[in-house]
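The next block holds one structure in the form of structure tokens; read it before the comments.
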Amino acid sequence: MNNLKLKGILDSQLTTSNLAFLSSVIENYGYQIEHVPYREIAKKLGMAHRNVCYHFEMLEKKGYLAIERTDARKFVFRINEEKLKGLFE
């Protein structure tokens, strides 16, 4: 994920903080996170859980992440690897 494509980033409409967050999530969890609470993700990434919620919502709106609710408090987060190809070489 080191070779970012400038045009892909501009077209993505992601902020630098969205990109940094996405990169951290992939480095720490890979492309799918199952049944890990927002607070646990936040703790591991050194962020407030509200910021984690915000970034997940923004990434979902822009199509880079799918959030599947499996239970009242359980989620599966899937990163759209196909869409990432436009950002990275």
Side-chain angles (χ1 to χ4, degrees):
M1 284 189 43
N2 296 339
N3 300 324
L4 293 171
K5 292 182 182 177
L6 183 58
K7 182 168 177 8
I9 292 171
L10 295 174
D11 291 344
S12 74
Q13 299 179 339
L14 294 175
T15 65
T16 53
S17 63
N18 291 149
L19 286 167
F21 175 79
L22 182 58
S23 178
S24 293
V25 167
I26 292 169
E27 286 177 24
N28 284 279
Y29 293 97
Y31 291 91
Q32 183 167 312
I33 305 170
E34 294 188 40
H35 311 299
V36 180
Y38 285 110
R39 288 185 191 276
E40 188 175 320
I41 295 168
K43 185 176 180 180
K44 186 166 188 171
L45 299 180
M47 302 174 71
H49 86 278
R50 296 296 304 148
N51 288 341
V52 170
C53 294
Y54 167 79
H55 284 293
F56 276 138
E57 289 171 11
M58 290 299 106
L59 291 168
E60 182 181 37
K61 284 181 184 177
K62 295 176 182 179
Y64 287 89
L65 179 81
I67 302 174
E68 178 186 331
R69 184 181 295 258
T70 58
D71 199 341
R73 294 186 180 193
K74 293 183 180 177
F75 300 91
V76 175
F77 305 101
R78 289 186 179 87
I79 294 173
N80 184 340
E81 293 181 63
E82 192 63 36
K83 192 150 185 170
L84 288 181
K85 288 181 183 176
L87 298 178
F88 306 100
E89 293 182 317

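- In this view, Tyr29 satisfies the ring pair (Phe, Tyr, Trp, His ring centres under 6.0 Å) rule with no residue, not counting sequence neighbours.
- Val36 and Tyr54 are assigned to two separate hydrophobic clusters, defined by single-linkage of ILVMFWY side chains at heavy-atom distances under 4.5 Å.
- Taking CD of Glu34 as the reference point, atom CZ of Arg78 lies at 6.5 Å (rounded to 0.5 Å).
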Worksheet item: Please walk me through it: do Leu14 and Leu59 pass side chain to side chain contact (heavy atoms under 4.5 Å, CB included)?
Response: CA-CA 8 Å; Leu14 294 175; Leu59 291 168; 3.8 Å; yes

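- For the pairing with Asn28, the side-chain contact (heavy atoms from CB on, under 4.5 Å) check across Leu45, Ile41, Ile33 returns one residue only, Leu45.
- Of the inter-residue distances, the one linking Met58 atom CE with Leu22 atom CG reads 14.0 Å to the nearest 0.5 angstrom.
- The side-chain hydrogen bond (donor to acceptor under 3.5 Å, both in side chains) analysis of residues 41-52, with sequence neighbours excluded, yields the pairs Arg39-His49.
- Partners of Glu40 by side-chain hydrogen bond (donor to acceptor under 3.5 Å, both in side chains), not counting sequence neighbours: none found.
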Worksheet item: Given Val25 and His55, is the side chain to side chain contact (heavy atoms under 4.5 Å, CB included) satisfied, shown in steps?
Response: CA-CA 11 Å; Val25 167; His55 284 293; over 6 Å; no

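- Qualifying salt bridge (charged side-chain N to carboxylate O under 4.0 Å, His left out) partners for Glu27, counting only residues two or more places apart in sequence or in other chains: none.
- Under the 30°/60° scheme for interplanar angles, the aromatic rings of Phe21 and Phe56 are found to stand perpendicular.
- In this structure, Glu57 CD and Ile67 CD1 are separated by 7.0 Å, a value rounded to the nearest 0.5 Å.
- Here the side chains of Ile79 and Tyr64 are not in contact, with every heavy-atom distance at 4.5 Å or above.
- Partners of Ser24 under the side-chain hydrogen bond (donor to acceptor under 3.5 Å, both in side chains) rule, at least two apart in sequence or in another chain, do not exist in this structure.
- For an aromatic pair to be called close, the ring centres must be under 6.0 Å apart, and Tyr38 with Phe77 satisfies this.
- Evaluation of the side chain to side chain contact (heavy atoms under 4.5 Å, CB included) rule for Thr70 yields His35, Glu68, Lys74, Val76 as partners, not counting sequence neighbours.
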